[in-house]
There are 2 protein chains.
Amino acid sequence: MNYSEAKNKFINAWGSLATQWGINRTMAQIHALLFITPGPLSVEEMMEELQISRGNTSMNLRQLMDWGIVFKEIRSGDRKEYFYTEKDVHELARIIMAERSRREIQPTIRILSEVSELKEDGTAETREFIKQTKAMFELTSTADSMINRMVKQNKNWLTNAVIKLFT
Amino acid sequence: MNYSEAKNKFINAWGSLATQWGINRTMAQIHALLFITPGPLSVEEMMEELQISRGNTSMNLRQLMDWGIVFKEIRSGDRKEYFYTEKDVHELARIIMAERSRREIQPTIRILSEVSELKEDGTAETREFIKQTKAMFELTSTADSMINRMVKQNKNWLTNAVIKLFT
DNA sequence: CTGATGTTTCAAAATATATTGAAACTTATT
DNA sequence: AATAAGTTTCAATATATTTTGAAACATCAG
């Protein structure tokens, strides 16, 4: 396996894993490319490497910047913009977990808390509904605050967690 | 908010959260319905409640059974089949995490380990590629085995983890 | 075995999502 | 101010995924 084969394999695997987790393929591929490339890349270089259009590249770069994992670099004396990603895997995981919590888990928790306040009316249906949505609310809240506390610790949060859990 | 409003809100919220995580909407809605309903349901009842076709219901039930979170019940003297889900949220989370690990994370780890074995050829590109994919391989392996060990413990795995992490 | 009841499959249709490409826009340089 | 270099937007298009519905299949009761 040479460099170019390995690179393609990694970029494609990343892209297809992403779709299984609800993230668009191109966004994951751009990220993968920046992740393994030593220095920043211009839009042109990414278009060429991934065979995608300018519009697609631009929109996905913007999303990656919104997530806080890709950054823009401007070089004096050069009109082009260059992009690079967070290279530290722990920091990357941290940012992604914190964002998913903020964007998806927390809104879900709000809805769970809301629906689980349904007034008991004596029927088996409402009793079950309240019991189950309350249980889901508690599980989700616990998991979410666990994730957020883990993620707010220092760089070695994952290693620390492993040590605490298995000693 | 009455029962039927709360029920719809929960089912729809669950469905849209699922799509953000790469799970199909109908599958999540069927699961949500079974999760809040006191007893098992027939295919007809689910079709009626969720306004979906027989084929769609059947295929998604099969997938839920493949995941190990929905089960079929046959009643003697009744030709219909009835379906019910795992009701314990901790057990549910456990099954889902273990399955995602098996189906998605483990295959990814294999690819990471493979591409990170690329032979160093002195260029900055291969050096960076190897460094980064190795780091990703290690992070993913650590996280995956942490998940698997947590999940293999007793019913209170989440509570136990919280206690260990934050005392 | 036959009819009745129920389930599964799968090609076609519908829907949702991602991508393109060209025009509009922005900013820097002369 | 005009031009050049580059970026962003968005309607149209392409692609991928989900859903339908009807036919094929299975199983039970008489």
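Here the structure is a predicted model, which is why all the values come from computation and not from measurement.
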query = To the nearest angstrom, how far is A/Q51 atom CD from D/dA14 atom C1'?
reply = 17 Å
request  = Could you tell me the separation between the CD atom of B/E48 and the P atom of D/dT20, rounded to a whole number of Å?
outcome  = 13 Å
message = Let's see if you can work this out: which of C/dT8, D/dC10, D/dT19 has an atom nearest to the side-chain heavy atoms of B/K72?
response = C/dT8
message = Checking the side chain of B/W67 only, and the main-chain atoms of B/E99 only, is there a donor and an acceptor separated by less than 3.5 Å?
response = no
ask   = A/D66 has an atom CG; how far is it from atom P of D/dT8, in whole Å?
value = 12 Å
query = Roughly how many Å is it from CD1 in A/I74 to P in C/dT29, rounded to a whole number?
reply = 12 Å
Main-chain N/O of A/I52 paired with A/N56 side-chain donor or acceptor, under 3.5 Å = no
message = Tell me the interatomic distance from B/Q29, atom CD, to D/dT19, atom P, rounded to whole angstroms.
response = 8 Å
message = Looking only at the side chain of B/R62 (C-beta and beyond, no hydrogens), which of the listed nucleotides C/dT8, C/dT19, D/dT8 gets closest?
response = C/dT8
query = Separation of B/M47 atom CE from C/dG6 atom C1', in whole Å?
reply = 12 Å
request  = Without swapping roles, check the side chain of B/Q132 against the backbone of A/I36 for a donor-acceptor pair under 3.5 Å.
outcome  = no
remark   = The residue, A/D78 or B/I52, whose nearest nucleotide of DNA chain D is more 5′ is A/D78
task = Report the nucleotide, chosen from D/dA26, D/dT19, C/dT27, that has the shortest atom-to-atom distance to any side-chain atom of B/R79.
result = D/dA26
query = Reckon B/N24 has a side-chain N or O less than 4.0 Å from the OP1 or OP2 of C/dA16?
reply = no
inquiry  = Need one value for A/T19: base, sugar-phosphate or nothing, where a base atom within 4.0 Å counts as base even if backbone is also close, heavy atoms only.
reply    = nothing
request  = Identify whether any heavy atom of A/N56 sits under 4.0 Å from a base atom; if not, whether one sits that close to sugar-phosphate; answer base, sugar-phosphate or nothing.
outcome  = base
request  = Please figure out whether A/G77 or A/T26 has its closest DNA chain C nucleotide nearer the 5' end.
outcome  = A/T26
query = Is there a side-chain polar atom (N or O) of A/S58 under 4.0 Å from OP1 or OP2 of D/dT8?
reply = yes
ask   = To the nearest Å, how far apart are B/M59 CE and D/dT20 C1'?
value = 11 Å
task = Taking A/R127 for its side chain and A/E120 for its backbone only, find out whether a donor-acceptor pair lies under 3.5 Å.
result = no
query = On DNA chain C, nearest-nucleotide positions of A/G22 versus B/K80: which is more 5'?
reply = B/K80
message = What contact category does B/R54 fall into here, base, sugar-phosphate, or nothing, at under 4.0 angstrom with non-hydrogen atoms?
response = base
task = Check the distance between D/dC28's P and B/E81's CD and give it to me in whole angstrom.
result = 10 Å
query = Would you say the side chains of A/S42 and A/E81 form a donor-acceptor pair under 3.5 Å?
reply = no
